[in-house]
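Some notes on the structure that comes next.
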Amino acid sequence: MKVRFNIEYGTVYGENLVLNIVNNADGEKVASHVMKPASDKVWKCDLDIPAKAGQVDYYYSVERDGKETRHEWTVITHRLDLNAAKATRYTTYDHWNDMPDDSYLYSSAFTDCVALRPQNVLAKSKYPTIIQLKVRAPQLRTGEVLGVVGNEPTLGDWNEDKALKMTEHNHNEWVIALDGAAFRKAFVEFKFVIMGGKGKNAIWETGDNRTVLLPVLKEGEHIVYELQQAYFPLYPVKLAGTVVPIFSLRSEGSFGVGDFGDLKLMVDWVASTGQRALQVLPINDTTITHTWSDSYPYNSISIYALHPQYMDLRQLPKLADKKRAAEFEKLRKELNVLPQIDYERVNKAKREYMQLLFEQEGAQVLKSDEFKAFFQANEDWLVPYAAFCHYRDLYGTSTFSKWPSNHTFSDEERAAMSNPRTKSFKEVASWYYIQYYLDKQMHGAHEYAQSKHVILKGDIPIGISRDSVEAWVEPKYFNLNGQAGAPPDAFSTNGQNWGFPTYNWDVMLADGCKWWVKRFRKMSQYFDAYRIDHVLRAVHCRLGAGPHLRQAGQHRAREICRACSRRHLSHEARV
């Protein structure tokens, strides 16, 4: 299929425009093509694309001396539907897309929750010639459809009851394919309308009528007009929500503590009360000492692993041992009626239960295709996490500097613990098993929240424990002889010393902050939004300035940080 891409963009001498084709599945760039000037400010690019491709995603960028200097907003790229059965040539007329003012409406919190609507591929068309219209309209809500109406009989002659419904083929972008031979006029006027809302009448977009001067089309030609965003006289969305720790969501069926099953019940309550957001405290594993002191959710041993205490035992297979099953049920009832959570007994019981279940059916689960897919996708962090838990319990401490051996995690150990045929794998396999089920349950809670149009919002601690997997296997990213905290403020007149190691920002920036990118990507599997906890004005410097920071005023704290020539955080951020 011959496709000509056109875009109007004003460059300066030495700049070129580039067309970048991306993978529909993951958005990764797969090919780049330098465009040619077609006329004043208009650039073109001719490509041969197989019709069987169905859809083509792409974006434009600017290049100088072979290096990219800027590119479009790529959260939502251009999308071309190759839907014409009789087309021999497509011609697109695009415009440059920078980040819009209402970019938040393109976030997963809205596209996958608040305004969740199914995306569809544009239906096949057998018209000899086709006019295709594309427009972005992010203000639409669940259940609403974008329509087009205009000054032609094929467009309803301005009768909103005859407006043509469009197809949402990408988040907030709508498309329609029209019979080119059906138009009576070359000069077409039209507007977009919202249909299917709570009101009886359609909502018309603001501004003047849109116009298109249609060319004379030959059979097999398919013209695609990408139009500027549609705006409607609607108030910005206002949402209410609730924040709660999952451990507080104890229900009648819980095992002494709130779990991922109870999270679904909380989603039900949020949705039934007209709220649209549910924020939870951090859900990562904090098991350092196996005591109540591990209950602080902001001191995790892994930025990826989920806390075993949130395992919903109701979603797991039943214990085959009837006697032990009865004992656990008795204990469950006992723990569940306590006025306060017995953190140590709850976690000890859940760990014993999971070990029995692993011995009962773990071998079968680890051979399943579903588990193998989970392991392959998470192996990078899962193996060192399991090794850390194994050595923590073997040596009786999570302070890896006190371990008699295994002070570092070697490539040989990693390989052995990744191989199901080795003894090392069998020693840590139960941790893989537990995380597999936790991941499955948390994914289920997330998908359930989306189905209820509820934003599930996470909480990412800014610090990590110095007794953690990351400090053990990736020490280059941290100043382990430093201590993070907060200077004096209205909440603490003496300041705070959290004891977390500080970040080695020079090393992190050198590799493009891969550590943070991986962390955020993992959390995005469970949440549609998240808060980054406590990015504060200053941190304690390497040279032992901690006590001085706690005693000094804010201005003095900044001076001390500059004196040690370290890169420190200088602002507070809430995301």
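Only a predicted model underlies this, so the values are computations on that prediction, with no experimental measurement involved.
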Will you find, in the side chains of Tyr231 and Asp102, an N or O donor that is under 3.5 Å from an N or O acceptor? no
Which of parallel (below 30°), tilted (30 to 60°) and perpendicular (above 60°) describes Tyr436 and Phe371? perpendicular
Any side-chain donor paired with an acceptor under 3.5 Å for Glu160 and Trp204? yes
Do the side chains of Leu263 and Leu456 get nearer than 4.5 Å, heavy atoms only? yes
Quick check: does any side chain N or O of Gln441 sit under 3.5 Å from a backbone N or O of Gly261, one acting as donor and the other as acceptor? no
Any side-chain donor paired with an acceptor under 3.5 Å for Asp459 and Tyr298? yes
In short, Gln228 meets Val135 closest at the heavy-atom pair O-CG2, 3.2 Å
I'd like to know if the side chain of Thr92 and the backbone of Val224 have a donor-acceptor N/O pair within less than 3.5 Å. no
Geometric class of the Phe192/Phe190 ring pair [parallel <30°, tilted 30-60°, perpendicular >60°]: perpendicular
Ring-ring centroid check Tyr60 Phe5, cutoff 6.0 Å: no
Under a 4.0 Å N-O cut-off, is there an ion pair linking Asp98 with Arg70? yes
Heavy-atom side-chain contact between Thr74 and Asn97 under 4.5 Å: no
Give a yes or no on whether a salt bridge exists between Asp81 and Arg79, defined as a side-chain N under 4.0 angstrom from a carboxylate O. no
Are the side chains of Glu68 and Val18 in touch, meaning some heavy atoms are under 4.5 Å apart? no
If you count the non-hydrogen atoms of other residues, nucleotides and ligands that lie under 6.0 Å from CG in Asp369, is the total more than 12? no
Hey, does the side chain of Glu168 reach the backbone of Val145 with a donor-acceptor pair shorter than 3.5 angstrom? no
Under 6.0 Å from the NZ atom of Lys124, do we count more than 12 heavy atoms belonging to anything else shown? yes
Looking at CG of Asp533 and CD1 of Ile460, how far apart are the two atoms once the value is rounded to the nearest 0.5 Å? 10.0 Å
Is the shortest distance from a Lys or Arg side-chain nitrogen in Lys191 or Glu205 to a carboxylate oxygen in the other one below 4.0 Å? no
Distance in Å, Leu227 CG paired with Arg210 CZ, rounded so as to fall on 0.5 Å steps: 5.5 Å
Looking at every non-hydrogen atom in both residues, tell me the closest pair between Asp112 and His171 and how far apart they are. OD1-CE1, 3.7 Å
Verify side-chain hydrogen bond (donor to acceptor under 3.5 Å, both in side chains) between Ser251 and Asp262, making sure each step is shown before the conclusion. CA-CA 7 Å; Ser251 68; Asp262 298 319; 2.4 Å; yes
Do the ring centers of Trp515 and Tyr503 come within less than 6.0 Å of each other? yes
Does atom CG (Asn159) have a neighbourhood of more than 12 heavy atoms from anything else shown, all under 6.0 Å? yes
Classify the angle between the aromatic ring planes of Phe520 and Trp516 as parallel (below 30°), tilted (30 to 60°) or perpendicular (above 60°). tilted
Are there over 12 heavy-atom neighbours, none belonging to Gln525, within less than 6.0 Å of that residue's CD? yes
Ionic contact status for Glu221 with Arg89, cut-off 4.0 Å: no
In terms of the angle between their ring planes, are Trp96 and Tyr9 parallel, tilted or perpendicular, with boundaries placed at 30° and 60°? tilted
Among Tyr59, Tyr58, Tyr93, the one residue meeting ring pair (Phe, Tyr, Trp, His ring centres under 6.0 Å) with His78: Tyr58
Test item: His222 and Asn83 side chains (from C-beta on) under 4.5 Å apart, heavy atoms: yes
Is there a donor in the side chain of Tyr448 and an acceptor in the side chain of Asp268, or the other way round, less than 3.5 Å apart? yes
Salt bridge (charged side-chain N to carboxylate O under 4.0 Å, His left out) involving Glu72 - partner list, sequence neighbours excluded: none
Report yes or no: does His307 contribute a side-chain atom to a donor-acceptor pair with the main-chain N or O of Asn284 at less than 3.5 Å? no
Evaluate the side-chain proximity of Met442 to Tyr310: yes if any heavy-atom separation is below 4.5 Å, no if none is. no
When you compare the side chains of His443 and Glu447, does any donor N or O come within less than 3.5 Å of an acceptor on the partner? no
Step through the shown structure and confirm whether more than 12 heavy atoms of other residues, nucleotides or ligands are within 6.0 Å of CD on Glu219. no
After noting the C-alpha distance and the side-chain angles of Lys264 and Asp259, does the key distance pass the side chain to side chain contact (heavy atoms under 4.5 Å, CB included) rule? CA-CA 9 Å; Lys264 291 183 178 181; Asp259 56 42; over 6 Å; no
State the NZ-CG distance between Lys29 and Asn23, to the nearest 0.5 angstrom. 13.5 Å
NZ/NE/NH1/NH2 to OD/OE distance under 4.0 Å, Asp528 and Lys457: no
How about Ile7 and Met35: do any of their side-chain heavy atoms sit closer than 4.5 Å? yes
Donor-acceptor under 3.5 Å (Glu379 side chain, Ala377 main chain): no
For the atom pair CG (Leu178) and CG (Leu133), what is the distance rounded to the nearest 0.5 Å? 5.5 Å
Tell me every residue that passes salt bridge (charged side-chain N to carboxylate O under 4.0 Å, His left out) with Glu370, counting only those two or more places apart in sequence or in another chain. Lys440
Once you round to the nearest 0.5 Å, how far does CD of Glu15 lie from CZ of Arg64? 5.0 Å
Rounded to the nearest 0.5 Å, the CE atom of Met266 sits from the OG1 atom of Thr242 at a distance of 4.5 Å
Should Arg314 and Asp312 count as an ion pair when the cut-off is N to O under 4.0 Å? yes
Would you say the side chain of Lys44 lies within less than 4.5 Å of the side chain of Asn6, judging by non-hydrogen atoms? yes
May I ask you to check whether His446 and Tyr526 place their ring centers less than 6.0 Å from one another? no
Ser108 side chain to Ala529 main-chain N or O, any donor-acceptor pair under 3.5 Å? no
Hey, are the side chains of Pro236 and Tyr104 touching, using non-hydrogen atoms and a 4.5 Å cut-off? yes
